[in-house]
Every structure is written in structure tokens, then in C-alpha cells.
Amino acid sequence: MPVDVKYTTRATATGGRDGSARTEDGSFEVKLTVPKELGGPGGPGANPEILFASGYSACFLGAMKAVAAKGPTKVPADTTVTATVGIGPRSEGGFGITAALEISLPGVPKADAEALVAQAHQVCPYSNATRGNVDVKLTVV
């Protein structure tokens, strides 16, 4: 499916999971560290799963706001999306990721919140990118 690209960004990683990554424009730079659970030293630093969870949660909240702008349900200012991302070996070989989003829409009736979340899941670029590849669990809390 073609995409009418409106924005692009570039980032470069060096050293892999135990290195660093930086955007071309210098607006973001991060030290990367392999978690102990994956055989690394752990300690200060991020990893690709942290970055994916951060991006997905922010993007999904943006998708909810975009959907809400066209409908009756409003997104409260104190809305949160918490993404839990896991990584591990797949039975078919290689590695895979899991994703779960917990969405809190304070004061919004549960049925309205669930409808908004379902619509946002169809709009969010991260949801569209993972659809068919990653089982994403959505929970309104």
C-alpha cells in the first residue's frame, strides 16, 4: 500500500545494541545497552525495545487525538498510553517482539473509550506497521 510521505527522519546507530544512536539533525542521541536479560551488562542506557515502546505509546495517543477530533469522544489532558514491549526467541527461529498497550482515558465511559481505542488502532502508523506481524494487545484501564 503506497504512503504519501509528509515527513522523514534519519538516525544512525553504531555499535549495535551496545553502542549509540543519533538523529541526523542532532535533536536526539541515546546510549544503547544490552539488558542483563539478553546477556548484556545492563546498566544505564536504552535499547531498541525501550525506544519502540516510547514511540508506540506516543504515536497511539496522537492517533486517539486525531480520531477524537472527528467524533464526539474527547481525549482528556491526563490521558496516558503505556506500552509494554517484550523480546525473545520465536519457536520458528530468530527473535520476535510482543506489544501491549494500556490506555487510560479518565472520565470517559468505558464503551466510548474502547470504541475510540479501536478506531485509533486502525489509524496509528505503529499499529498499521505491526498488524499481521505482532500480536498487539489493547486494554482500556
Side-chain angles (χ1 to χ4, degrees), residues 1-13 15-141:
M1 185 177 301
V3 176
D4 180 16
V5 176
K6 302 294 185 193
Y7 169 78
T8 61
T9 187
R10 288 172 50 102
T12 301
R17 286 180 164 271
D18 195 20
S20 64
R22 179 181 188 281
T23 58
E24 187 174 72
D25 67 2
S27 65
F28 178 77
E29 188 167 352
V30 63
K31 177 187 182 319
L32 302 171
T33 302
V34 179
K36 286 183 181 181
E37 296 85 350
L38 295 178
N47 59 59
E49 293 70 40
I50 288 172
L51 301 174
F52 185 77
S54 299
Y56 200 170
S57 59
C59 191
F60 197 87
L61 183 47
M64 288 193 314
K65 288 180 176 183
V67 169
K70 299 175 183 175
T73 304
K74 301 299 177 210
V75 175
D78 55 349
T79 294
T80 61
V81 176
T82 301
T84 301
V85 172
I87 183 173
R90 297 175 346 129
S91 58
E92 302 87 353
F95 285 80
I97 61 171
T98 61
L101 302 180
E102 293 178 3
I103 301 100
S104 173
L105 289 144
V108 176
K110 186 151 185 149
D112 294 344
E114 288 174 343
L116 179 64
V117 165
Q119 292 173 338
H121 192 46
Q122 297 306 309
V123 171
C124 176
Y126 277 67
S127 293
N128 287 330
T130 58
R131 191 169 287 110
N133 299 307
V134 176
D135 184 26
V136 177
K137 181 179 179 188
L138 303 171
T139 306
V140 175
V141 295

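This chain uses plain numbering: 1 for the first residue, then up along the sequence. These figures come from a predicted structure and were not determined experimentally.
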Show me the donor-acceptor pairs within less than 3.5 Å that the side chains of residues 113-129 make with the rest of the protein, sequence neighbours left out.
unit_1, atom_1, unit_2, atom_2, d
His121, ND1, Ser127, OG, 2.8
Ser127, OG, Tyr56, OH, 2.8
Asn128, OD1, Arg131, NH1, 2.4
Asn128, ND2, Gln122, O, 3.4
Asn128, ND2, Cys124, O, 3.4

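- The side-chain heavy atoms of Thr73 and Met64, taken from C-beta on, include no pair separated by under 4.5 Å.
- Looking only at distances, no side-chain donor or acceptor of Ser57 sits under 3.5 Å from a matching main-chain atom of Thr82.
- Summarising the geometry, atom OG1 belonging to Thr79 is positioned 4.5 Å from atom CG belonging to Leu105; distances are rounded to the nearest 0.5 Å.
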Q. Does the pair Phe60 and Ile103 meet the rule for a side-chain contact (heavy atoms from CB on, under 4.5 Å), with working shown?
A. CA-CA 9 Å; Phe60 197 87; Ile103 301 100; 4.1 Å; yes
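- Heavy-atom neighbours of Lys65 NZ from other residues, nucleotides or ligands within 6.0 Å: at or below the threshold of 12.
- Residues Thr23 and Ser27 share a closest heavy-atom pair of OG1-N, 3.1 Å.
- Around CZ of Arg90, the count of heavy atoms belonging to other residues, nucleotides or ligands within 6.0 Å exceeds 12.
- Taking CD of Glu24 as the start and CZ of Arg10 as the end, the distance is 4.5 Å to the nearest 0.5 Å.
- A salt bridge between Asp135 and Lys137 is absent, with no side-chain N of the basic residue lying under 4.0 Å from a carboxylate O of the acidic one.
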Q: Begin from the C-alpha positions of Val75 and Leu61 and carry the test side-chain contact (heavy atoms from CB on, under 4.5 Å) through to its verdict.
A: CA-CA 9 Å; Val75 175; Leu61 183 47; 4.1 Å; yes
Identify all side-chain donor-acceptor contacts of residues 41-53 below 3.5 Å with residues at least two apart in sequence or on another chain.
unit_1, atom_1, unit_2, atom_2, d
Asn47, OD1, Glu49, N, 3.0
Asn47, OD1, Ile50, N, 2.9
Glu49, OE1, Arg17, NH1, 3.0
Glu49, OE2, Arg17, NH2, 2.6

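- Contact detail for Gly39 and Val34: the closest heavy-atom pair is C-CG1, 4.4 Å.
- Checking side-chain atoms of Thr130 against main-chain N and O of Val134 turns up no donor-acceptor pair under 3.5 Å.
- Between Ile87 and Leu38 the shortest side-chain heavy-atom distance falls below 4.5 Å.
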